[in-house]
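First comes the structure, then the notes that go with it.
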Amino acid sequence: MNTHEFYMGQAFDAYEFFGAHVTKEGVLFRTYAPNARRIQVIGEFNEWQGHEMYQDGRSGIFSCCVPEAKIGMLYKYKVFGADGSEIDHCDPYGFEMQLRPESASVIRDLSGYQFEDETWMKKRGYRFDAPVNIYEMHLGSWRRKKGGESEEGTWYTYSEIAEELIAYVKENNYNYIEFMPLSEHPADVSWGYQNTGFFAPTSRYGTALELKELVDKCHQAGIGVIMDFVPVHFAVDAYGLANYDGTSLYEYPNQDVGVSEWGSYNFIHSRGEVRSFLQSAANYWLSEYHFDGIRMDAISRIIYWQGTPERGVNGNAVDFIKVMNQGLKARHPGILLMAEDSTDFLKVTAPVEYEGLGFDFKWDMGWMNDTLDYFKKTPEERAAQYYKLSFSMMYFYNEHYLLPLSHDEVVHGKATIVQKMYGDYEDKFRQARAFYLYMYAHPGKKLNFMGNEIGQLREWDEKREQDWEMLKYPMHDAFHHYMRELNRIYLENNALYDGDYNSQHFKWIYCRQEGNCVYAFERKGSKQRVMAVFNFSDREEKAFAIPVEDKVKCKLLLHSEWEEWNGSVKKESVSFKSKKKKGQESLVLDIPAYSAMLFELE
């Protein structure tokens with residue numbers, strides 16, 4: 001690491017310098033605490049009595065080498081702060097930590113794992129005309145091991161879960177997994193979004209080497225892996241980053257902007273050392289673990305002070321995200337950088353050299369909110385709010401959007417995706433099938449949270465595994481098979497992803513407010529044309545004429561109401577024909593209530 005770059009906020013490799021590193025002479029400890037009076041390293045190697053660390057001039061960098069320290073031993077830094085405090089902190093750059101409620105760092109050598117994903121890494125590269133179908137998951141509540149003291153079971157390790165998870169993801173036709181944050185965090189209920197160990201894979205699920213093994217095996221199976229990363233705020237626990245050297249080193253000194261809406265501390269992105277810390281953490285996950293991308297949480301809080309446009313743009317934080325994204329892209333060509341951002345700030349997904357923030361994708365929160373709100377409404381209300389579904393294409397080409405149905409939509413009283421649908425049990429599933437076909441036919445890459453694919457009815461709880469027993473019931477089993485087929489069709493049909501961000505590749509065919517809830521649009525890829533037709537009302541539309549550009553042959557790829565999905569339509573009974581109506585070529589067909597169809601046009 002170049003120390004000048006570290007102070008200036010330009011370092012991406014600070015983790016190679018700071019932290020605990022195994023050498024021939026022993027373990028070399030380094031930490032940055034410019035306002036500390038003294039620092040000692042304490043641990044199992046000295047019976048927690050203290051080994052003095054010495055500052056290099058007035059650099060703020062304290063270090064020492066401990067010959068007795070060994071891999072696997074616990075340690076902390078005893079920081080004598082500028083405010084007179086004396087607090088034992090975990091290592092900000094530590095590679096592993098104890099499981100909560102304990103908080104010591106663990107000495108680790110990350111060079112002990114040899115990746116076997118050379119083929120994947122060489123060919124890895126993102127194209128905007130490629131399909132991206134992400135399975136978002138919380139590793140600790142996807143499946144649980146039975147037995148133990150808890151009725152909910154115990155966690156699988158990274159190694160233990162690999163085989164079953166990879167097989168499931170491939171069988172269900174996802175090509176990426178996105179893990180909710182795996183960096184160490186003290187509270188299970190934070191889901192990893194309030195960190196204490198930005199360089200430490202959570203010990204809930206095993207060791208750093210086991211996490212490398214999991215990512216490696218995903219790559220060998222042809223699955224990309226994305227990691228959630230939190231560059232906005234951190235946990236307030238005294239042993240972590242808070243008040244690290246007796247001053248507000250990582251956080252703002254002013255509480256008005258220093259405390260987030262979640263009660264955590266906001267990073268002060270104007271400090272070069274903080275920028276280097278966060279940039280190095282992002283680079284660490286990509287370099288050391290071979291993650292294929294990073295999804296960054298709460299980017300609206302980077303763009304605007306406290307996430308509120310009325311407070312104005314946070315220029316220093318915006319500059320930080322630009323430098324970080326550009327630096328990560330230069331070091332890791334082909335990675336995916338994703339922003340969770342609900343604002344209308346422009347150029348989030350434009351390259352930095354074109355005055356953008358440098359992300360590849362932005363979560364389309366507007367699409368998600370409008371669409372889910374539409375499906376909560378009665379059919380009568382839907383007819384009056386036609387624009388809820390048409391509005392997304394009015395702004396879609398402003399950014400490179402990803403359509404998210406994430407964990408945030410199935411917690412805290414919001415109900416699960418199927419439960420959000422209007423009506424009774426069977427109607428909810430009919431509408432959910434039509435809703436998902438609408439999502440997968442709509443331009444934009446896809447993200448679906450675990451449990452959604454089996455029609456989960458219980459809100460997500462981080463303490464319990466998914467309700468897999470629901471698959472014993474025909475409706476859920478059929479829905480699961482429907483989602484699997486829909487995912488396959490998405491991956492294998494060029495028109496559903498090629499041209500996502502080119503307005504010439506999308507066209508509304510039928511989108512009128514005429515008292516019905518019928519929509520139709522066409523998608524064009526470089527090799528294919530498809531047409532999607534929807535009826536989101538509770539009444540069938542008989543002999544409905546969908547205008548088409550020219551006389552075409554149609555092949556029905558998927559019908560949400562086929563009997564195999566527990567629908568009402570026999571597969572062989574679907575009929576449609578092309579004919580002229582009022583001088584216009586049309587496709588005439590019956591469209592059942594709460595249904596969707598996908599046609600290939602020849």
Side-chain angles (χ1 to χ4, degrees), residues 126-134 173-175 349 361-362 364 366-368 370-371 374 386 388-405 433-448 482-483 485-512 517-536 544-560 574 576 578 585-587 589 591 595-602:
Y126 173 66
R127 306 187 319 274
F128 284 108
D129 61 353
V132 173
N133 195 22
I134 301 170
N173 298 304
Y174 296 94
N175 59 352
T349 55
F361 299 117
K362 173 178 174 174
D364 194 343
W367 171 88
M368 179 271 297
D370 284 347
T371 305
Y374 178 90
Y386 217 73
K388 287 277 188 181
L389 295 193
S390 60
F391 179 64
S392 61
M393 293 311 299
M394 297 181 70
Y395 65 80
F396 185 80
Y397 299 106
N398 292 343
E399 302 280 0
H400 294 149
Y401 281 111
L402 179 149
L403 309 186
L405 293 175
R433 294 193 299 267
F435 160 76
Y436 268 108
L437 200 156
Y438 167 72
M439 173 186 178
Y440 275 75
H442 191 289
K445 310 311 178 187
K446 323 300 179 188
L447 179 144
N448 202 24
Y482 172 79
M483 289 299 300
E485 178 65 6
L486 179 58
N487 286 339
R488 184 194 66 78
I489 286 172
Y490 169 70
L491 293 180
E492 296 181 4
N493 285 270
N494 167 272
L496 294 178
Y497 53 79
D498 185 10
D500 265 334
Y501 307 110
N502 184 336
S503 61
Q504 300 301 309
H505 288 239
F506 175 90
K507 181 178 67 175
W508 282 112
I509 297 174
Y510 189 92
C511 182
R512 306 171 194 162
C517 299
V518 175
Y519 299 80
F521 56 73
E522 182 179 327
R523 296 286 309 277
K524 292 181 182 179
S526 57
K527 303 174 183 177
Q528 184 189 38
R529 292 167 62 195
V530 298
M531 178 177 66
V533 178
F534 310 93
N535 177 14
F536 297 131
F544 197 92
I546 303 291
V548 292
E549 189 174 277
D550 46 25
K551 194 164 186 174
V552 294
K553 291 182 178 180
C554 297
K555 176 184 177 182
L556 184 56
L557 298 177
L558 185 65
H559 196 313
S560 68
V574 177
F576 46 87
S578 295
E585 288 288 344
S586 297
L587 180 67
L589 70 167
I591 316 175
S595 72
M597 288 174 274
L598 183 67
F599 296 91
E600 183 175 22
L601 304 181
E602 298 176 2

Salt-bridge test for R523 and D500: reply yes if a basic N is under 4.0 Å from a carboxylate O, no otherwise. yes
Mind running side-chain contact (heavy atoms from CB on, under 4.5 Å) on F435 and L405 for me, showing each step along the way? CA-CA 12 Å; F435 160 76; L405 293 175; 3.6 Å; yes
What distance separates C554 SG from E600 CD, expressed to the nearest 0.5 Å? 10.0 Å
With rounding to the nearest 0.5 Å, note down the distance linking NZ in K527 to CG in D498. 8.5 Å
What do the steps show when you test Y401 against Y395 for ring pair (Phe, Tyr, Trp, His ring centres under 6.0 Å), and what is the final call? CA-CA 10 Å; Y401 281 111; Y395 65 80; 5.6 Å; yes
Looking at E522 and R529, does any basic side-chain N land under 4.0 Å from a carboxylate oxygen? yes
Only one of Y510, F534, F599 forms a ring pair (Phe, Tyr, Trp, His ring centres under 6.0 Å) with F521, so which one is it? F534
Can L389 and T371 be said to form a side-chain contact (heavy atoms from CB on, under 4.5 Å), step by step? CA-CA 6 Å; L389 295 193; T371 305; 4.0 Å; yes
Which heavy atom of L491 sits nearest a heavy atom of N173, and at what distance? CD1-O, 3.2 Å
Do any N or O atoms from the side chain of Y440 and from the backbone of L486 form a donor-acceptor pair under 3.5 angstrom? no
What are the two closest heavy atoms between A596 and A434, and how far apart are they? CB-CA, 3.8 Å
Minimum heavy-atom separation for A545 and P547, please, with both atom names. O-CD, 3.6 Å
Is there side-chain contact between P443 and H505, with at least one heavy-atom pair below 4.5 Å? no
Validation row: L598, L496 side chains within 4.5 angstrom (heavy atoms): yes
Calculate, to the nearest 0.5 Å, the distance between atoms CE and CG belonging to M439 and N448 respectively. 5.5 Å
Rounded to the nearest 0.5 Å, what's the gap from OG on S560 to CD on E485? Could you check? 13.0 Å
Parallel, tilted or perpendicular: ring planes of Y438 versus W367, cut at 30 and 60 degrees: parallel
Distance in Å, Y397 OH paired with Q504 CD, rounded so as to fall on 0.5 Å steps: 8.5 Å
When you measure from the side chain of E602 to the backbone N and O of K553, does any donor-acceptor pair fall under 3.5 Å? no
Less than 3.5 Å apart, any donor N or O on the side chain of N493 or Q528 sitting next to an acceptor on the other? yes
Ring-plane angle category for H400 and F128, please: parallel below 30°, perpendicular beyond 60°, tilted otherwise. tilted
What verdict does the side-chain contact (heavy atoms from CB on, under 4.5 Å) test give for Y374 and F536, after you've listed the backbone C-alpha separation in whole Å, the side-chain angles of each residue and the deciding distance to 0.1 Å? CA-CA 10 Å; Y374 178 90; F536 297 131; 3.8 Å; yes
Donor-acceptor side-chain pairing of N133 and Y497 below 3.5 angstrom: no
Say you draw a straight line from CG of N494 to CG of D129; how long is it, rounded to the nearest 0.5 Å? 8.0 Å
Least distance between heavy atoms, D364 atom then P404 atom: O-CD, 3.6 Å
side-chain contact (heavy atoms from CB on, under 4.5 Å) evaluation trace for I134 with L402: CA-CA 10 Å; I134 301 170; L402 179 149; 3.7 Å; yes
Can you tell me if D370 uses its side chain to pair, donor with acceptor, with the backbone of F391 under 3.5 Å? no
Exam field: side chain K445 to backbone A130, donor-acceptor pair closer than 3.5 Å: yes
